[in-house]
Engineer: 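Structure incoming, see below.
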Amino acid sequence: MNLLQLRGLSRAGLEDWLEAARAMRGGDPVALRQKHVGRKVALLFFEPSTRTRFSFEAAAQGLGADVLAFSAATSSTTKGESMLDTARLLVAVGAGVLVVRDTAVGAPQHLADRLGVAVINAGDGTHEHPTQGLLDALTLVDALGPLDGKVVAIVGDIRHSRVARSALAALTVLGATVRLSGPPPLLPSGLVRPGVALSATIDEAIEGVDAVMMLRVQRERASGPSFASVEAYRRGWALTEARAATLLPHCVVLHPAPMNRGVEIDDVVADGPRSRILDQQRNGVWVRMAALDRAWRAT
Ligand code: NCD
């Protein structure tokens with residue numbers, strides 16, 4: 001079974017995913033390591049990644065599977081080989097699941113349409129990053145309980161963020177309302193829909209919320225400068241120690257990472273008691289185990 005996007009999933013569908021991730025978290029690690037022995041997953045990352053890649057590797061190992069790791073910088077793509085040919089090779093040598101990250105929107109779908117194996121989207125351009133959205137939802141439900149009526153602020157470079165799009169698709173369907181905020185050039189109005197509003201300032205966005213998700217400024221996905229300077233960005237849009245002090249006592253802080261410490265988030269906030277950033281990273285492995293398990297069970 002493919003996992004290409006969260007947009008369009010029903011509440012029951014999302015809750016099934018969270019339940020599957022919890023089942024991995026609560027499972028017997030020794031038994032889980034027997035589950036998919038001899039299976040192969042290929043990680044096709046045409047864009048840099050630290051967390052997502054390690055997380056899928058750890059997830060595959062946790063299920064006893066083998067990883068065929070591909071890295072664009074050291075492969076024949078530098079000689080002009082197409083993504084499809086590379087993917088075909090990996091299927092030919094035994095990969096039953098492809099985990100795909102690419103700068104192009106729709107690249108995982110493109111492969112899923114052409115190859116007879118399951119494809120998991122690990123981030124396609126500015127479109128979606130579904131396992132990230134699931135780990136964000138799982139982390140928020142762990143911290144806050146059911147999300148009905150909860151308010152979540154997502155602040156930063158919304159325009160270029162596939163993380164924001166997947167989080168929006170999951171959190172709104174699970175009953176939360178979301179406030180999006182960031183510098184005007186990075187805040188597209190096209191994402192507004194029932195349960196999603198724009199806030200003109202970070203202070204307005206974070207007032208009274210149950211959770212804040214900070215996003216990195218994605219310079220590599222932007223076409224030109226979207227703000228005057230790092231210092232100006234920090235003044236206008238960072239979750240600083242002073243701003244964090246205004247949050248409700250139970251409010252938690254998320255960040256998909258990589259973080260630009262001192263730009264969008266202060267160290268004391270990233271490493272402080274509100275931070276659930278390491279929980280996100282731990283939950284990522286359970287979510288990805290659930291995704292791999294489903295993909296293999298369907299084959
Ligand atoms: C994100 C990504 O690559 O979309 N990172 C991640 O997967 N945790 C966010 C980012 O690049 O800022």
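In listed order, ligands and their atoms are each counted from 1. FYI, the numbering just counts along the sequence from 1.
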Engineer: Between D266 and R261, is the closest basic N to carboxylate O distance under 4.0 Å?
Structural biologist: no
Engineer: Any side-chain to backbone donor/acceptor pair from R276 onto P273? Under 3.5 Å, distance only.
Structural biologist: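 Such a contact is found between R276 side chain and P273 backbone.
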Engineer: Could you tell me which atoms of ligand 1, counted from 1 in the order shown, lie closer than 4.0 angstrom to a heavy atom of A257?
Structural biologist: 1 (C), 5 (N), 6 (C), 8 (N), 9 (C)
Engineer: Looking only at heavy atoms, is any part of L215 under 4.0 Å from ligand 1, and if so is it the side chain, the backbone, or both, or is it neither?
Structural biologist: neither
Engineer: With respect to P256, determine whether any N or O atom, backbone or side chain, lies less than 3.5 Å from an N or O atom of ligand 1.
Structural biologist: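 P256 vs ligand 1: N/O contact under 3.5 Å present.
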Engineer: Heavy-atom contacts with R216 under 4.0 Å: which atoms of ligand 1 show up? List them by number with element.
Structural biologist: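 Checking each atom against R216, I get 10 (C), 11 (O), 12 (O).
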Engineer: May I ask you to list the atoms of ligand 1 that are less than 4.0 angstrom from any heavy atom of V163?
Structural biologist: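 Close to V163: 1 (C), 4 (O), 9 (C).
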Engineer: Examine P258 against ligand 1 and note whether any of their N/O atoms are separated by less than 3.5 Å.
Structural biologist: no
Engineer: Taking only residues two or more places apart in sequence, or in another chain, which ones meet H255 in a ring-ring contact (aromatic ring centres under 6.0 Å, His included)?
Structural biologist: none
Engineer: Check this for me - ligand 1, R162, N or O atoms closer than 3.5 angstrom, yes or no?
Structural biologist: yes
Engineer: Quick one: does G123 get within less than 4.0 Å of ligand 1, heavy atoms only?
Structural biologist: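 Contact check G123 vs ligand 1: negative.
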Engineer: Need the ligand 1 atom indices (1-based, order shown) with element for anything under 4.0 Å from a heavy-atom of R101.
Structural biologist: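 Contacts of ligand 1 toward R101, numbered from 1: 2 (C), 3 (O), 7 (O).
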Engineer: Taking D102 for the side chain and A107 for the main chain, is one N or O donor matched with an acceptor at less than 3.5 Å?
Structural biologist: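 Side chain of D102 to backbone of A107, a donor-acceptor pair under 3.5 Å: no, none is there.
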Engineer: Would you find a donor on one side and an acceptor on the other, under 3.5 Å apart, between the side chain of R162 and the backbone of G125?
Structural biologist: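 Yes; judged by distance alone, with no hydrogens or angles, the pair exists.
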Engineer: If we set the cut-off at 4.0 Å for heavy atoms, which region of S161 has an atom near ligand 1: side chain, backbone, both, or neither?
Structural biologist: neither
Engineer: Polar contacts were defined as any N/O atom of the residue lying under 3.5 Å from an N/O atom of the ligand; does this apply to E47 and ligand 1?
Structural biologist: no
Engineer: Any idea which atoms of ligand 1 are less than 4.0 Å away from a heavy-atom of T52?
Structural biologist: 6 (C), 7 (O)
Engineer: Please determine if K35 and D28 form a salt bridge, counting it only when a charged side-chain N lies under 4.0 Å from a carboxylate O.
Structural biologist: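 D28 and K35: not salt-bridged.
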Engineer: Can we say D203 and R243 salt-bridge, meaning some charged N sits less than 4.0 Å from an Asp/Glu carboxylate O?
Structural biologist: yes
Engineer: Does R25 come within less than 4.0 Å of D142, counting only side-chain N to carboxylate O?
Structural biologist: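 Salt bridge between R25 and D142, a charged N being under 4.0 Å from a carboxylate O: yes.
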